[in-house]
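Here is the structure we will look at.
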2 protein chains.
Amino acid sequence: MAHEHDHSDACPGCAAPPQVAFARHDHSHCAGDVLARAEALAEAQGARLTPVRRRVLEILLEEHRALGAYDVLQRLAAEGFGNQPPVAYRALDFLVENGLAHRIRRLNAFAACMHPGEDHAPVFLICRECNHVAEAPAAPVRAAVDAVAASLGFTVERSNIEAMGLCPACRGTAS
Amino acid sequence: MAHEHDHSDACPGCAAPPQVAFARHDHSHCAGDVLARAEALAEAQGARLTPVRRRVLEILLEEHRALGAYDVLQRLAAEGFGNQPPVAYRALDFLVENGLAHRIRRLNAFAACMHPGEDHAPVFLICRECNHVAEAPAAPVRAAVDAVAASLGFTVERSNIEAMGLCPACRGTAS
DNA sequence: CTTGACATGTTATTGTATAACATACATAGG
DNA sequence: CCTATGTATGTTATACAATAACATGTCAAG
């Protein structure tokens with residue numbers, strides 16, 4: 001079921017190397033790859049990737065963009081899973097807790113993690129035009145956050161960095 | 001109406017210099033100072049700091065922490081202003097747009113800006129214990145974000161950086 | 001004083017998220 | 001085998017957050 005994108009030229013958020021995250025490519029490949037790695041990671045962590053959870057992850061990977069909990073729920077319901085909010089939220093929370101998905105607070109939405117097991121708490125680059133989300137390595141950014149926090153005596157446990165702007169594709173098509 | 005804090009030893013988020021943001025101090029002083037600067041800034045921008053808007057800013061300054069829109073609304077209603085959600089949201093949106101307050105997405109809440117006119121889009125340090133929010137200078141952090149975004153061809157327009165953790169006071173009282 | 005722009009007030013609704021409880025399902029210990 | 005236990009799922013109901021759409025009021029420029 002390999003296919004080219006038909007929803008956009010850009011494919012933000014795809015797996016490493018980051019340099020191609022926004023480049024045009026067939027992402028059924030990277031999605032499959034991510035799913036395999038996600039399964040391995042879940043196993044390694046003793047987390048159970050049950051049918052609903054796995055299906056939610058697949059949905060996020062297929063859509064390849066940030067999806068609201070109710071969007072996910074709608075798809076689940078259509079496939080015979082429960083059709084009440086907690087079904088979606090529980091699966092999504094599980095994925096987030098286990099590093100298989102991210103919550104994009106600015107969009108009240110969730111997106112599959114494209115680098116499971118690697119750099120958690122990445123920088124999210126959110127295109128305001130096409131709504132696609134890319135993950136960028138956050139190590140230097142987090143270092144800067146830790147530094148300024150430390151100077152105030154604040155201990156950072158988790159950080160969430162979201163940048164709004166224009167992805168390369170949408171900047172090209174600027175109106 | 002100067003008074004010492006009775007809700008907490010810490011006073012995160014207070015105005016410059018940042019080194020004292022979390023230090024114990026009388027914040028009625030910095031709040032008044034911020035309010036004066038906010039008025040000046042609004043005037044300079046041709047923005048009208050009307051009674052509701054001004055009152056909302058005062059409420060945020062008095063509370064000195066992130067407040068939900070409905071918390072603000074409740075206080076407004078008790079003082080004879082409108083008691084419907086749009087009243088609070090409009091005032092809050094105005095303050096955010098004019099750089100007088102910030103929206104803390106992680107908390108679905110709003111907090112007064114402690115450095116009106118200075119460094120916008122700061123780093124937010126959110127204490128998970130006392131819920132207090134401090135603003136830290138974000139220039140180096142934003143530089144790091146811009147760098148990684150640029151390497152992907154992404155143009156950053158706005159960024160939102162929120163760190164969860166423990167403020168100095170709450171780390172001391174760790175249970 | 002009237003027009004136009006902006007601000008406020010109100011009703012109603014949509015969207016997001018969670019509490020609380022009931023049921024099913026796996027699996028390790030008896 | 002089976003039953004006790006923890007975990008996962010399903011369902012009902014509700015809480016919390018945000019906005020659409022429209023009516024009214026206010027103020028200053030013409």
Side-chain angles (χ1 to χ4, degrees), chain A residues 39 42-43 45-60 65-98 100-111 126 131 160 162, chain B residues 39 42-43 45-60 63 65-98 100-111 126 131 133 160 162:
Chain A
E39 279 173 343
E43 173 114 8
Q45 292 175 345
R48 296 174 50 196
L49 196 57
T50 62
V52 218
R53 293 168 175 172
R54 189 198 159 95
R55 187 67 195 116
V56 169
L57 181 55
E58 287 172 2
I59 288 169
L60 292 180
R65 62 189 176 91
L67 245 48
Y70 283 71
D71 294 326
V72 171
L73 180 58
Q74 206 173 329
R75 285 169 173 75
L76 286 179
E79 300 178 21
F81 293 98
N83 65 345
Q84 300 304 315
V87 174
Y89 279 103
R90 280 197 286 240
L92 289 165
D93 289 346
F94 169 88
L95 294 174
V96 170
E97 271 160 27
N98 289 274
L100 303 177
H102 297 290
R103 184 170 203 153
I104 316 290
R105 305 204 93 97
R106 179 144 219 147
L107 304 175
N108 290 327
F110 300 81
I126 308 167
N131 245 22
N160 183 264
E162 303 179 0
Chain B
E39 279 174 342
E43 174 113 6
Q45 292 175 346
R48 296 173 48 194
L49 196 57
T50 62
V52 217
R53 294 168 176 173
R54 188 197 159 95
R55 188 66 197 117
V56 169
L57 180 56
E58 287 172 0
I59 289 169
L60 291 179
E63 284 296 322
R65 63 190 175 90
L67 244 48
Y70 283 72
D71 294 327
V72 172
L73 179 59
Q74 207 173 328
R75 284 170 175 75
L76 287 179
E79 298 177 22
F81 292 98
N83 65 345
Q84 300 304 316
V87 174
Y89 279 103
R90 280 197 285 240
L92 289 165
D93 288 346
F94 169 89
L95 295 174
V96 170
E97 272 160 27
N98 290 276
L100 303 177
H102 297 290
R103 185 170 202 153
I104 316 291
R105 304 202 94 95
R106 179 146 218 143
L107 304 175
N108 290 328
F110 301 81
I126 308 168
N131 246 19
V133 177
N160 183 264
E162 303 179 0

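Bear in mind that the values here come from a model prediction, so they are computed numbers and not experimental data. Reminder, nothing fancy here: chain letters follow the sequence lines and each chain counts from 1.
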(Q) Regarding D:dA15, can its base be found pairing with the side chain of B:Tyr70 as donor and acceptor, where the two atoms are less than 3.5 Å apart? (A) no

Q) Does A:Arg65 use its side chain to pair, donor to acceptor, with the backbone of A:Asn131 at less than 3.5 Å? A) no

Q. How many Å lie between CG on B:Asn108 and C1' on C:dT18, as a whole number?
A. 13 Å

(Q) Looking only at the side chain of B:Phe81 (C-beta and beyond, no hydrogens), which of the listed nucleotides D:dT12, C:dA17, C:dG9 gets closest? (A) C:dG9

Q: Check each residue of residues 87-96 of chain B for a non-hydrogen atom within less than 4.0 Å of any atom in DNA chain C, then write out the ones that pass by number, or none.
A: B:Val87, B:Arg90

Q) In degrees rounded to 10°, what angle is found between the helical axes fit to the five outermost pairs at each end of the helix from C:dC1-D:dG30 to C:dG30-D:dC1? A) 10°

Q | Atom pair distance, as rounded to whole Å: CG in A:Leu73 and P in D:dG10 | A | 11 Å

Q. Which listed nucleotide (C:dA17, D:dA18, D:dA8) is nearest to the side chain of A:Arg53?
A. D:dA8

**Q.** Separation of atom CD1 in B:Ile104 from atom P in D:dA18, rounded to whole Å
**A.** 12 Å

Q.
Without decimals, in angstroms, what is the distance between B:Leu107 CG and C:dA17 P?
A. 14 Å

Q) Pick the nucleotide of DNA chain C nearest each of B:Gly80 and B:Pro85; which residue has the one closer to the 5' end? A) B:Gly80

Q. With distance as the sole test, does B:Arg75 use its side chain to make a donor-acceptor pair with the main-chain N or O of B:Ile59 at under 3.5 Å?
A. no

Q: Report yes or no: does A:Asn98 contribute a side-chain atom to a donor-acceptor pair with the main-chain N or O of A:Phe94 at less than 3.5 Å?
A: yes

Q: Tell me, yes or no, whether the heavy-atom count around B:Gln45 atom CD, taken from other residues, nucleotides or ligands under 6.0 Å, exceeds 12.
A: yes

Q) With nearest nucleotides of DNA chain D determined for A:Val52 and B:Gln84 from heavy-atom distances, which residue corresponds to the more 5′ nucleotide? A) A:Val52

(Q) Using the rule side chain to side chain contact (heavy atoms under 4.5 Å, CB included), only one of A:Leu67, A:Leu49, A:Val72, A:Leu73 pairs with A:Val56; which is it? (A) A:Val72

Q) Does the side chain of A:Asn160 come within less than 4.5 Å of A:Arg103's, by heavy atoms? A) no

Q: For A:Asp71 and A:Gly68, indicate whether the former's side chain and the latter's backbone hold a donor-acceptor pair under 3.5 Å.
A: yes

Q: Write down the distance between CG (B:Leu76) and C1' (C:dT10), rounded to a whole number of angstrom.
A: 15 Å

(Q) Between C1' on C:dA7 and CG on B:Leu49, what's the gap in Å once rounded to a whole number? (A) 13 Å

Q | Pair B:Glu162 + A:Arg105, salt bridge at N-O below 4.0 Å | A | no

Q.
Please pick, from D:dA8, C:dT10, D:dT11, the nucleotide with the shortest atom-to-atom distance to any side-chain atom of A:Pro86.
A. D:dT11

Q: Report the distance from atom CZ of B:Arg106 to atom P of C:dA17, rounded to the nearest whole Å.
A: 13 Å

Q. Is the distance from OP1 or OP2 of C:dT27 to the nearest side-chain N or O of A:Arg48 less than 4.0 Å?
A. no

Q. Base, sugar-phosphate, or nothing for A:Arg105, non-hydrogen atoms under 4.0 angstrom?
A. nothing

Q: Can you measure from CD (B:Glu79) to CD (B:Gln74) and round to the nearest 0.5 angstrom?
A: 11.5 Å

Q | Which atom of B:Ala111 lies closest to which atom of B:Leu60, heavy atoms considered | A | C-CD1, 4.0 Å

